[in-house]
Amino acid sequence: MLLENIEMLRDLTLPSILLRCLLSMLLSGILGFEREKKRRPAGFRTYIVVCLGSSLAMMTGIYLNSVTGSGDAGRIAAQVISGIGFLGAGTILVTKQNQVRGLTTAAGLWAAACLGLALGAGFYTGAIVAFTGIWLSLHILRIVDRYLYNHSRIMTLYVEFQSIRDVSRFLAYARQKQCTVGNLELSRTKNQDGNTTVSAIVTLHFPELVSHTQIVEIYGALDGVTFIEEI
């Protein structure tokens, strides 16, 4: 805790306030840049504003506590933690295939707010260590997550069929390949031309490790299947 031991940086002095704000912008900007590259709803600027705002909220609580001599300096910070949940929830989307997107972005925003609170309180070491862990989770551990995802024997597919009879042929083919159907959700929708499209979200359990790309190609080539993708 080298920075915390410096008297000038521990108290709310001008150099301390500048350092806390600059670190908030730097660390959150690095995290937001990763989201920006993936064209997520909350990106570079959003992360910076969230982290900088929470840092200001923490410093405001400390300032009010030092000026009035009473009250809890963490009350404003507690409201930031609960309030950021509403902002994070706005980045979570559910597609028509019931695929959830935006969870990592929402979690990143919440973490950026926590970084800002730590920096606003002058807890530099904790903020930098936590930032390192978050950055590694978003970059390095993403490779591990992708590996586990691609080497799973369980696949969830979104499939569109020409008719309900094609669903039965699809499932029969899967069982013929020793594949177990774990979950099945069917729905019918009408297109603009008046035709009815049957869609299904199906979870398949394979007896051995398979290539997900090949499964999508093989099952997508079956009669009656008009669209297929893994979710």
Side-chain angles (χ1 to χ4, degrees), residues 1-93 100-146:
M1 296 185 178
L2 180 61
L3 294 176
E4 288 86 344
N5 292 330
I6 301 176
E7 185 72 24
M8 183 175 57
L9 297 182
R10 186 165 61 245
D11 299 329
L12 281 181
T13 61
L14 179 59
S16 172
I17 295 173
L18 288 175
L19 178 62
R20 298 177 193 194
C21 291
L22 288 175
L23 282 176
S24 297
M25 296 177 66
L26 175 64
L27 300 185
S28 61
I30 294 174
L31 295 177
F33 181 71
E34 189 272 341
R35 297 284 92 189
E36 189 77 31
K37 288 193 302 182
K38 294 188 174 182
R39 310 302 300 169
R40 294 296 187 256
F44 181 71
R45 292 182 300 170
T46 305
Y47 270 69
I48 291 179
V49 171
V50 167
C51 189
L52 195 58
S54 59
S55 180
L56 175 61
M58 189 71 240
M59 287 188 289
T60 302
I62 296 175
Y63 174 77
L64 291 175
N65 186 56
S66 64
V67 170
T68 62
S70 61
D72 183 7
R75 289 186 62 184
I76 298 179
Q79 300 304 316
V80 171
I81 292 297
S82 60
I84 200 66
F86 293 96
L87 179 61
T91 67
I92 301 175
L93 304 173
V100 180
R101 294 186 179 274
L103 284 176
T104 303
T105 301
L109 284 174
W110 184 84
C114 293
L115 283 178
L117 294 176
L119 291 169
F123 188 26
Y124 305 106
T125 303
I128 294 174
V129 172
F131 160 77
T132 304
I134 296 170
W135 188 87
L136 289 175
S137 299
L138 292 176
H139 289 77
I140 307 301
L141 296 184
R142 182 180 58 185
I143 301 175
V144 179
D145 181 65
R146 185 181 303 158

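We're numbering straight along the sequence, starting at 1.
For Ile134, the side-chain contact (heavy atoms from CB on, under 4.5 Å) criterion is met by Leu31, Ala111, Leu115, Leu138, not counting sequence neighbours.
Once rounded to the nearest 0.5 Å, the distance linking CG of Leu119 with SG of Cys114 reads 11.0 Å. With rounding to the nearest 0.5 Å, the separation of CG in Leu27 from CZ in Phe131 is 5.0 Å. Residue Ile30 holds its CD1 atom at 8.5 Å from CH2 of Trp135, rounded to the nearest 0.5 Å. Taken from CD1 in Ile48 to CE in Met25, the straight-line distance is 5.5 Å, to the nearest 0.5 Å.
A donor-acceptor distance shorter than 3.5 angstrom exists from the side chain of Thr60 to the backbone of Leu56, with no hydrogens or angles considered.
The heavy-atom pair separating Ala113 from Ser54 by the smallest distance is O-OG, 3.0 Å. The minimum heavy-atom distance linking Val50 with Leu109 is given by the pair CG1-O, 3.7 Å. Between Tyr47 and Gly32, the shortest heavy-atom contact is CG-CA, 3.6 Å. In this structure, Ala57 and Val80 approach most closely via the heavy-atom pair CB-CG2, 3.7 Å. Between Gly116 and Ser24, the shortest heavy-atom distance links the atoms CA-OG, 4.4 Å.
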Ser16 and Met59: side chain to side chain contact (heavy atoms under 4.5 Å, CB included), yes or no, with the steps?
CA-CA 10 Å; Ser16 172; Met59 287 188 289; over 6 Å; no
